[in-house]
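What follows is one structure encoded as structure tokens, with my remarks underneath.
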Amino acid sequence: MAMADLLVIITDVMLWRISYYLFPGSLMNITPMCRVIAAQRYAASDWSVWFTVTFSFDRFVAICCQKLKTKYCTAKTAAVVLATTSILLCLQNIPLYFTYEPGEIIDNVPWGCYVKPSYYTDPGWMAFDWFDVILTPFLPFTLILLLNTLTVRHIFLASRVRKGLRGQSKGGNSSDPEMESRRKSVILLFTISGSFILLWLTYFIYFSICNIAGKNLEDDTDHSYIFGQIGFMLQVLSCCINTFIYVTTQSKFREQIKCMVKYPVISIIQLINKQCN
């Protein structure tokens, strides 16, 4: 999930937006190159969203399906799910490469990436556009809300039973590590899922209104342009926020970050000691 969010920041923010505004004459703005970047940024965004869905499903299985947990919640299963999801989303975003055309041709070199006018009028492209938005983020919205609702419901029901068995319903105040772990899981689920839904909601509303009204999504003379740009900004911000959520809530994630930072320093020290000896 963190790697997918990082790819969104690299492809969407650094290579697509910053490069376009600050380095208009760079190689990144040659049409074939910016087509690849455009397809990559959409794929990275889809990865970030669907990895959130797979995370929610993983937590649902771990908490609510104890029999399935031993078979599903393994490193091998996680690798298969992530690899399959990544490949399918890459294939789904390949058509986006062909939605752009050059803005101008200089010395037989095409420059710029502009959405083809036919993308907004051709029935095939319009159907693909709706399919793309239903796949991301409408379907993830529904799945995340459903999975989290079922997970929280299960936790609350299990908490009542557990409190009754431990005598806490009669006023006991003894600590329960299991319940504390479940409470943290609920907080993490709501934090990640809630921020995802809230920050993607503006973009989804903007897309729906523009397509129902038949407006061009890139028409910067329309008053809805600012609203749309805010939606895109919040969409990218969602990926930035997720990484900080992992750092603040996951102890194992924090340990991996520390190891990643320490590794180059330790390697250099070991190399120097080896050279000295």
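- Going from atom CG of D129 over to atom CE of M126 covers 8.5 Å, rounded to the nearest 0.5 Å.
- Within the 4.5 Å cutoff, the side chain of D5 has no heavy atoms near those of the F51 side chain.
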Give the C-alpha distance, both sets of side-chain angles, the deciding distance and a yes or no for side-chain hydrogen bond (donor to acceptor under 3.5 Å, both in side chains) between T74 and T77. CA-CA 5 Å; T74 63; T77 303; 2.8 Å; yes
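- When side chains are defined from C-beta on, P140 does not count as touching T52, because their heavy atoms never get closer than 4.5 Å.
- A donor-acceptor pair is defined here as one N or O able to donate and one able to accept, closer than 3.5 Å; such a pair exists between the side chain of D122 and the backbone of G124.
- Heavy atoms only, all atoms of each residue included: P110 and I105 are closest at CA-CG1, 4.2 Å.
- Taking all atoms of both residues into account, the shortest heavy-atom contact from W47 to C90 is CZ2-SG, 3.1 Å.
- With rounding to the nearest 0.5 Å, the separation of CG in L271 from CD1 in I266 is 13.5 Å.
- Geometric assessment of R35 against the ring of Y97 yields a positive cation-pi assignment under the 6.0 Å and 45° thresholds.
- A donor-acceptor pair shorter than 3.5 Å cannot be found between the side chains of Q40 and D12.
- Under the 4.5 Å side-chain criterion, counting only non-hydrogen atoms from C-beta, P102 is not in contact with Y114.
- Residues L145 and I197 form a side-chain contact, since some pair of their non-hydrogen atoms from C-beta on lies under 4.5 Å apart.
- In this structure, the side chains of L139 and V53 stay at 4.5 Å or more apart for every pair of heavy atoms.
- Taking CD from Q92 and OG1 from T136, the interatomic distance works out to 6.5 Å, rounded to the nearest 0.5 Å.
- The cluster map of Ile, Leu, Val, Met, Phe, Trp and Tyr, joined by side-chain heavy atoms under 4.5 Å apart, puts L146 and W50 in different clusters.
- Judged by distance alone, with hydrogens and angles left aside, the side-chain atoms of S26 form a donor-acceptor pair with the main-chain N or O of F23 at under 3.5 Å.
- The same ILVMFWY cluster, assembled from side-chain heavy atoms under 4.5 Å apart, contains both L7 and I257.
- The 12-atom threshold is exceeded at NZ of K116, counting heavy atoms of other residues, nucleotides or ligands nearer than 6.0 Å.
- Considering CD1 of I10 and CZ of R41, their distance stands at 15.0 Å, rounded to 0.5 Å.
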N148 vs S56, side chain to side chain contact (heavy atoms under 4.5 Å, CB included): CA-CA, chis, key distance, verdict: CA-CA 7 Å; N148 287 355; S56 300; 4.0 Å; yes
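- Counting non-hydrogen atoms of neighbouring residues, nucleotides and ligands closer than 6.0 angstrom, the CG atom of L27 reaches no more than 12 such neighbours.
- Residues V36 and C34 fail the side-chain proximity criterion, which asks for heavy atoms closer than 4.5 Å.
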Let's go through F196 and F141 carefully: what are the C-alpha distance in whole Å and the side-chain angles of both, what is the deciding distance for ring-ring contact (aromatic ring centres under 6.0 Å, His included) to 0.1 Å, and is it a yes or a no? CA-CA 9 Å; F196 164 73; F141 277 2; 5.6 Å; yes
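- Put simply, the side chain of S19 never gets that close to the backbone of W16: no donor and acceptor are under 3.5 Å apart.
- The shortest distance between side-chain heavy atoms of Y42 and T11 does not fall below 4.5 Å.
- Ring geometry for F232 versus Y203: interplanar angle of 30 to 60°, hence tilted.
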Derivation and outcome, side chain to side chain contact (heavy atoms under 4.5 Å, CB included), residues F227 and I230: CA-CA 5 Å; F227 182 74; I230 292 175; 5.6 Å; no
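- Counting all heavy atoms, side chain and backbone alike, W125 lies closest to F98 at CZ2-O, 4.3 Å.
- By the rule that hydrophobic residues join a cluster once side-chain heavy atoms approach within less than 4.5 Å of another member, L150 and I144 end up as members of separate clusters.
- When hydrophobic clusters are built by joining Ile, Leu, Val, Met, Phe, Trp and Tyr residues whose side-chain heavy atoms come closer than 4.5 Å, directly or via intermediates, M260 is grouped together with M1.
- Contact annotation: the side chain of M14 never approaches that of M28 to less than 4.5 Å [non-hydrogen atoms, C-beta and beyond].
- Within the 3.5 Å criterion, the main-chain N or O of F138 finds a donor-acceptor partner in the side chain of T142.
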Start with the C-alpha distance between Y100 and Y119, add both sets of side-chain angles, then the distance that settles ring-ring contact (aromatic ring centres under 6.0 Å, His included), and finish with yes or no. CA-CA 9 Å; Y100 292 91; Y119 181 77; 8.1 Å; no
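- Here the closest non-hydrogen pair linking C113 and T31 is SG-O, 3.6 Å.
- Here the shortest heavy-atom pairing between I37 and L15 reads CG2-CB, 3.9 Å.
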Intermediate values then yes/no, side chain to side chain contact (heavy atoms under 4.5 Å, CB included), L96 and F128: CA-CA 10 Å; L96 292 172; F128 173 81; 3.5 Å; yes
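- Here I268 contributes atom CD1 and Q270 contributes atom CD; the two are 11.0 Å apart, rounded to the nearest 0.5 Å.
- Hydrophobic clustering (ILVMFWY, side-chain heavy atoms < 4.5 Å, transitive): W130 and V49 are in one cluster.
- Distance check, rounded to the nearest 0.5 Å: SG of C64 to CG of L147 gives 9.0 Å.
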As a quick check of understanding, evaluate side chain to side chain contact (heavy atoms under 4.5 Å, CB included) for I63 and H154, giving each step before the final call. CA-CA 8 Å; I63 295 173; H154 177 86; 3.8 Å; yes
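- Checking S48 against S45 by side-chain atom types alone, no donor-acceptor pair falls below 3.5 Å.
- Shortest non-hydrogen contact noted between N93 and A43 is ND2-CA, 3.5 Å.
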